[in-house]
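Each ligand, and each atom within it, is numbered from 1 in the order the structure gives. Hydrogens, waters and symmetry mates are skipped; everything else that's a heavy atom, side chains included, is used.
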Amino acid sequence: MQITWKSPSNIALIKYWGKHGEQLPNNASLSLTLREAHTITSLALQKKRSKKDIELDFKFAGDQHPKFAAKLELFLSSLKNDFPWLNKNRLVLRSDNSFPHSAGIASSASAMSALALCLMSVERMQTGKYTDDASFLQKASHYARLGSGSAARSLYADFTVWGKTPVVKGSSDLFAIQSPTQFHADFHELQDSILIVSNQEKSVSSRAGHALMNNHPMAAQRYKNARKRLEDLLGALETADWDMFCKTVETEALELHALMMTSDPSFILMHPNTLAIIERIRFFRATTNIPVCFTLDAGPNVHVIYPYFAKKQVRNFIQSELLKFCHKKTVIYDQMGDGPSMLI
Ligand code: DP6
């Protein structure tokens, strides 16, 4: 039996930063599901050859990867009560990304969601449960979350919300849902061009970053701000209020980095070129009135967000004014995507 899933990455517009309990978020986040950046993962079950509890044969991009394999073994071991077949079979897992691993793009969201979907597909075959898409995807989002919080949001098309909030009906801390807000046609095929400022691995893992929020002097205010911004952003998506959209998305990104800079220990993940790009985006927006803004992950790369109708002008601007700040002039052109798909 072999199962293969393709699952996308996502970029948070309202950030998840700070968690408690078993991978539960301290505030609700909202993300854009991407189309091009994805992971393809296949899982096959074979007869066990050893007495090892979790017998994993893992390859990433065709090669052994002991560091990833060790993490995956731990994760799979933590799920063996939920999936009793995990330690009764040899697990042959193959995974690959559409983007270079060294591009400095977070891959845990696409990787963990693809894995969760493979696990759920086998579970569905073994138990006959989860035959409807809704319960299948909800449970996949739950397991993706246990692997990496942001992965919970990769299961659905367009915009996704993870974390319980009174402003989004049906939202939960345990799994993400597709945002029920009717977003304005302006946001269809929303563009995300990822400017690779550095391809270095992150100096601080997001796990460690989340932990630093526990004693952060600004934590309470941060969660309050995130709640307000989620409301503002949902309103902007409904009415195509681009000023509010750009302001909210940029403030979220800068607040994420401000929290990192002011945590103990402090860390700075932006590079000088990150700031150079940000300044130029703001100048371009102010002088052209084209709605283009930026967001950042926990790293120096810049996601340039803009509507489909401004694609030509913004891409010209990226080519002529921003590429010089990128590592080897690397940009990945992405956009809103449809969520995961099963491959045969
Ligand atoms: C800055 O999902 O990578 O990208 O749950 O520890 O795996 P873990 O963290 P992770 O954190 C993502 C942080 C972020 C913001 C976001 O995606 O919402």
**Report entry** ligand 1 contacted by Arg145 (non-hydrogen, < 4.0 Å)
**Finding:** no

Report task. Please work out which of the three classes, parallel, tilted or perpendicular, describes the rings of Phe187 and Phe159, given edges at 30° and 60°. Result -> perpendicular

Report summary line: Heavy-atom closest pair (Gln23 atom, Gly147 atom, distance to 0.1 Å) is NE2-C, 4.3 Å

**Report entry** CE-CG distance between Met260 and Leu296, expressed to the nearest 0.5 angstrom
**Finding:** 8.5 Å

Query - Those atoms of ligand 1 less than 4.0 Å from some heavy atom in Asp297 - result: 4 (O)

Query raised in the report: What do you reckon, are the aromatic ring centroids of His271 and Phe325 less than 6.0 Å apart?
Result: no

**Report entry** ligand 1 versus Ala12: contacting region, heavy-atom distance under 4.0 Å
**Finding:** side chain

Query raised in the report: Do Glu252 and Lys247 meet the salt-bridge criterion of a basic N to acidic O distance under 4.0 Å?
Result: no

Query raised in the report: Any N or O of Asn10 that comes nearer than 3.5 Å to an N or O of ligand 1?
Result: no

Report task. Measure the shortest side-chain to side-chain distance between Arg94 and Ser42 over non-hydrogen atoms and say whether it is less than 4.5 angstrom. Result -> yes

Query raised in the report: Numbering the atoms of ligand 1 from 1, which are under 4.0 Å from a heavy atom of Arg153?
Result: 16 (C), 17 (O), 18 (O)

Query raised in the report: Are any of the N/O atoms in Gly149 less than 3.5 Å from those in ligand 1?
Result: yes

Requested in this report: Dump the intermediate steps for ring pair (Phe, Tyr, Trp, His ring centres under 6.0 Å) on His38 and Phe99, then the final yes or no.
Outcome: CA-CA 7 Å; His38 64 255; Phe99 46 92; 7.9 Å; no

**Report entry** Interfacing atoms of ligand 1 (cut-off 4.0 Å, heavy-atom, Lys19)
**Finding:** 5 (O), 6 (O), 8 (P)

Requested in this report: Could you list the atoms of ligand 1 found under 4.0 angstrom from a heavy atom of Trp17?
Outcome: 1 (C), 13 (C)

Query raised in the report: Will you find, in the side chains of Lys129 and Ser135, an N or O donor that is under 3.5 Å from an N or O acceptor?
Result: no

Query raised in the report: Going by the atom numbers of ligand 1, which of them fall below 4.0 Å from some non-hydrogen atom of Ser150?
Result: 2 (O), 3 (O), 10 (P), 17 (O)

Report summary line: In ligand 1, the atoms that come under 4.0 Å of a heavy atom of Gln23 are 5 (O)

**Report entry** Sub-3.5 Å N/O-N/O distance, His210 and ligand 1
**Finding:** yes

